[in-house]
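All chains are named by letter (A, B, ...) in the order of the sequence lines, taking the proteins before the strands, and each is independently numbered beginning at 1.
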2 protein chains.
Amino acid sequence: MNNQILNNFGLIIQRERKKLKISQEELAFRAGLHRTYIGMIERGEKNITLINIHKLANALQIPLSKLFEEKI
Amino acid sequence: MNNQILNNFGLIIQRERKKLKISQEELAFRAGLHRTYIGMIERGEKNITLINIHKLANALQIPLSKLFEEKI
């Protein structure tokens with residue numbers, strides 16, 4: 001169950017990043033996070049914290065609620 | 001900034017819990033988390049992870065998107 005949550009969240013981040021046509025490296029730079037961390041998030045390998053979720057939402061220019069529109 | 005995010009999230013959890021008229025202990029039981037952890041979340045003292053956010057949303061019987069409706 002937990003992996004499914006992280007996998008789904010990772011896919012949403014990847015989709016939103018690709019909408020902006022930016023690389024993982026660029027998203028990491030905008031969010032103030034490490035490039036490898038972005039890769040791990042997109043692959044569902046990290047149980048991300050609320051503060052980093054907030055950083056990603058800001059970097060992706062979307063409200064937090066939009067990140068969780070779909071049922072995770 | 002980060003404290004504000006955690007404080008706002010804590011207030012939302014507390015408000016949703018009180019809507020259900022349940023104690024921190026009951027919410028902890030329903031979410032499979034420790035009672036003291038719920039107190040820390042509500043006081044904005046913990047940078048909660050996505051999996052625990054998901055557990056709380058389920059225990060509060062609300063979709064994740066609702067937890068983040070307001071701008072944190």
Joint hydrophobic cluster, [X] plus [Y], side-chain heavy atoms closer than 4.5 Å:
X       : Y       : value
B:Phe29 : B:Leu27 : no
A:Leu11 : A:Ile22 : no
B:Leu64 : B:Ile62 : yes
B:Ile13 : B:Leu20 : yes

Which donor-acceptor pairs lie under 3.5 Å between chain B and chain A?
from, atom 1, to, atom 2, distance (Å)
B:Asn47, OD1, A:Leu50, N, 3.3
B:Asn47, OD1, A:Ile51, N, 3.1
B:Asn47, ND2, A:Thr49, OG1, 3.0
B:Ile48, O, A:Leu50, N, 2.8
B:Thr49, OG1, A:Asn47, ND2, 3.1
B:Leu50, N, A:Asn47, OD1, 3.3
B:Leu50, N, A:Ile48, O, 2.8
B:Ile51, N, A:Asn47, OD1, 3.1
B:His54, NE2, A:Ile72, O, 3.1
B:Ile72, O, A:His54, NE2, 3.2

Result of checking B:Ile53, B:Leu50, B:Leu67 against A:Phe68 for side-chain contact (heavy atoms from CB on, under 4.5 Å)
B:Leu50
Return the option, out of B:Ile48, B:Ile51, B:Leu6, B:Ile5, with the maximum number of heavy-atom pairs under 4.5 Å with chain A.
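Option with the greatest count: B:Ile51.
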